[in-house]
Amino acid sequence: MATKDITDLQVLRAQREWKQNPQGPYGYEILAAETGESVKVCLSAMERAWRRGLIEYGTSLHTGWLTSQGEELLKNES
């Protein structure tokens with residue numbers, strides 16, 4: 001598996017999960033556990049989602065949040 005194998009939806013779900021429980025693992029750690037990929041690959045997938053306007057962050061990608069576009073994508077996933 002590589003960055004291309006981690007979908008934007010997986011990234012969004014993981015980041016939403018972290019946001020709902022900020023004391024738990026970060027989104028990239030959730031992705032790593034889910035996909036078996038390295039942290040570096042998971043962070044790369046998160047950066048890709050950021051470039052696509054699906055997540056936003058202040059000082060650190062680790063603590064990012066979903067944009068309205070990202071929220072809409074998750075909402076329409078079902």
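This one's a predicted model, so the numbers in the text were calculated from it and none came from an experiment. Note: hydrogens, waters and symmetry copies are ignored here, and every other heavy atom, side chains too, is used.
Pairing each heavy atom of E37 with each of A32, the nearest pair is O-CB, 3.4 Å. Closest of all the heavy-atom pairs between L12 and G70 is CD1-O, 3.6 Å. For the residue pair T63 and K19, the shortest heavy atom distance occurs at O-NZ, 4.4 Å. Of all the heavy atoms in R52 and D8, the pair that sits closest is NH1-OD2, 2.7 Å. The minimum heavy-atom distance between H62 and Y28, with the atom names listed, is CD2-CE2, 2.8 Å. Residues G53 and T67 approach most closely at O-OG1, 2.6 Å, considering heavy atoms.
With rounding to the nearest 0.5 angstrom, the CZ atom of R48 is 7.0 Å from the CD1 atom of I6. Taking CE of M46 as the reference point, atom CG of L31 lies at 7.0 Å (rounded to 0.5 Å). The CH2 atom of W18 sits 9.5 Å away from the CD atom of Q23 when rounded to the nearest 0.5 Å. Interatomic distance, OG of S68 versus CD of E56, reported as 10.5 Å (0.5 Å rounding). With rounding to the nearest 0.5 Å, the separation of SG in C42 from CD in E47 is 11.5 Å.
Contact of the L61 side chain with the I55 side chain is registered, since non-hydrogen atoms from C-beta on lie closer than 4.5 Å.
Judged by distance alone, the side chain of N76 and the main-chain N or O of L73 form no donor-acceptor pair under 3.5 Å.
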- [ ] Evaluate the criterion side-chain hydrogen bond (donor to acceptor under 3.5 Å, both in side chains) for residue pair N21 and E17; output intermediate values, then yes/no.
- [x] CA-CA 6 Å; N21 181 21; E17 185 177 329; over 6 Å; no

- [ ] Tell me, with the steps shown, if W65 and Q15 meet side chain to side chain contact (heavy atoms under 4.5 Å, CB included).
- [x] CA-CA 7 Å; W65 57 91; Q15 201 60 19; over 6 Å; no

- [ ] Apply side chain to side chain contact (heavy atoms under 4.5 Å, CB included) to L74 and L66, showing your working.
- [x] CA-CA 10 Å; L74 269 181; L66 278 59; 3.4 Å; yes

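The only member of T3, D5, T35 that meets side chain to side chain contact (heavy atoms under 4.5 Å, CB included) when paired with V41 is T3.
Between R13 and E77, at least one side-chain N (NZ, or NE/NH1/NH2) sits under 4.0 Å from a carboxylate O, which counts as a salt bridge.
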